[in-house]
There are 2 protein chains.
Amino acid sequence: MYLLLFGNITKIMSQGLHLVEEFLKSVDKVKHAYKQMILKVIRESGVDITYEMLEVMRILWNGDGVNQQVLANATLKDKVSLTYLIDHLTKRNWVIRVAGKEDRRSKLIYLTEEGKSLELIFKPHMESINLSVLNQVPPKEMESAIHLLDKVSKEWT
Amino acid sequence: MYLLLFGNITKIMSQGLHLVEEFLKSVDKVKHAYKQMILKVIRESGVDITYEMLEVMRILWNGDGVNQQVLANATLKDKVSLTYLIDHLTKRNWVIRVAGKEDRRSKLIYLTEEGKSLELIFKPHMESINLSVLNQVPPKEMESAIHLLDKVSKEWT
DNA sequence: AGAAAAAGGTTAAATATTTAACAAATGTAC
DNA sequence: GTACATTTGTTAAATATTTAACCTTTTTCT
């Protein structure tokens, strides 16, 4: 009886493991496919920018004048990586660092005119890519998926 | 009339865009949270391995003797990255490259005894992490999410 | 008030990814 | 059978991430 029960438990665990592995694989595939789409847009634009730099610029186009740690959190990057990326964006004259007045440790990141103008190039493509998904997935289903994904990441945080 | 209609369309588009951005953000958060869990396991193990190397080893523990391109596809990595990772796994004596007989361009990757033994260290932790999610998400919901994620990545491929 | 902890940011070194280019081998077209 | 296209894998260079350590500033604790 116990052996039968134990057998059943290991079978259910095995199926559960497989399900979660498949889920993670599907998450990876979404991320990978999206990144390839964006890399294609970058390649076709001829602009000397990387996917990671574009991720940072995207946050800044929605509102600049934020400090590096806030930017790191918004892009899920470590502050070390963020420092590095800001260095490169500064070199390309797309952003500037401005010392914070309230907190002298803090550096605020602002867009330059050139940095702002890049939005005109990339935003339409990025929005088009994002909207294309809605051909396949109704908003209600997407909302459910978001809810589930958030439950998963919450469990692992 | 047309202006009213147009106004509605732009409002729906705007909401759709926001929904997809939120979805992508949630996908990123899942991946990021998972990676941090794994990095913690690596740190606590004391083994000199990286997250990316572990991803490759995980595929090999399920079946070695595959060529590099197959391994690259399975891990969603570019062949250049895969070459680099195999170099490092080889240096650490966890895998070996064996020239293919059927196709002389091909190199098959096999685990060494030491490489196999790493499975005993990492697999239990990785399975525990994966199973922990099932506390929050019923299998049926996870299956639905997988289905949606696959529809999204298919649209972008 | 002063010490300790934490936060914001930087630098160094090792590893990973991307782009570009190349070489050898195999597959396809004619 | 030969030319061309594609595949498999490697190397080089630039960029990105991770770990570790450090410095300055602010916050918290006693």
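In the text below, chain A, chain B and the rest are named by the order of the sequence lines, each starting its count at 1.
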Could you tell me whether the phosphate oxygens of [N], OP1 or OP2, come under 4.0 Å of any side-chain nitrogen or oxygen in [X]?
X	N	result
Lys79(B)	dT10(D)	no
Thr50(B)	dA16(C)	yes
Lys35(A)	dT18(C)	yes
Gln68(B)	dT10(D)	yes
Lys107(A)	dT10(C)	yes
Arg97(A)	dG8(C)	no

To the nearest Å, how far apart are [X] [atom1] and [N] [atom2]?
X	N	atom1	atom2	value
Lys101(A)	dT25(D)	NZ	C1'	17 Å
Gln69(A)	dT26(D)	CD	C1'	14 Å
Glu102(B)	dT8(D)	CD	P	14 Å
Asn67(B)	dT26(C)	CG	C1'	13 Å
Lys40(A)	dT18(C)	NZ	C1'	18 Å
Ile86(A)	dG8(C)	CD1	P	15 Å
Trp94(A)	dT15(D)	CH2	P	11 Å
Arg105(B)	dT26(C)	CZ	P	6 Å

Problem - Closest-nucleotide ordering on DNA chain C, the 5'-leading residue of Val80(A) and His32(A) - result: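 Per heavy-atom nearest nucleotide, the more 5' residue is Val80(A).
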Exercise for the section: Starting from the 5' end of DNA chain C, give me the residue, Ser106(A) or Asp78(B), whose nearest nucleotide shows up first. Expected result: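 By nearest-heavy-atom nucleotide position, the 5'-most residue is Ser106(A).
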Handout entry: Test applied, side-chain hydrogen bond (donor to acceptor under 3.5 Å, both in side chains); reference residue, Gln68(B); option that passes from Lys79(B), Arg97(B), Lys107(B)
Key =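 That would be Arg97(B).
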Practice task
Using a strict 4.0 Å threshold on nitrogen-to-oxygen distance, state whether Glu141(B) and Lys151(A) make a salt bridge.
Solution key: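 Looking at Glu141(B) and Lys151(A), the cut-off is met.
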Handout entry: Salt bridge Glu119(B)-Arg58(B), side-chain N to carboxylate O under 4.0 Å
Key =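 Between Arg58(B) and Glu119(B) there is no salt bridge, as every charged N stays at least 4.0 Å from the carboxylate O atoms.
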Problem - Interatomic distance, Leu17(A) atom CG to Lys123(B) atom NZ [nearest 0.5 angstrom] - result: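 Interatomic distance, Leu17(A) CG to Lys123(B) NZ, rounded to 0.5 Å: 9.0 Å.
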Handout entry: Interatomic spacing from CD1 in Ile121(A) to CD in Glu44(A) - rounded to 0.5 Å
Key =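 One finds 13.5 Å between CD1 of Ile121(A) and CD of Glu44(A).
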Which part of the nucleic acid does [X] contact within heavy-atom distance under 4.0 Å: base, sugar-phosphate only, or nothing?
X	answer
Lys91(B)	nothing
Leu85(A)	sugar-phosphate
Thr83(A)	base

Minimum-distance nucleotide (side-chain atoms of [X] versus [options]):
X	options	result
Lys77(A)	dT19(D), dT15(C), dA16(D)	dA16(D)
Leu39(A)	dT18(C), dA16(D), dG8(C)	dT18(C)
Asp103(B)	dA16(C), dG8(C), dT26(C)	dT26(C)

Problem - Donor-acceptor side-chain pairing of Asp150(B) and Ser26(A) below 3.5 angstrom - result: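 Yes, side-chain donor-acceptor contact under 3.5 Å.
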Handout entry: 5' priority, DNA chain D, between Arg104(A) and Glu52(A) [closest heavy atom]
Key =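 Looking at DNA chain D, the more 5' nearest nucleotide goes with Glu52(A).
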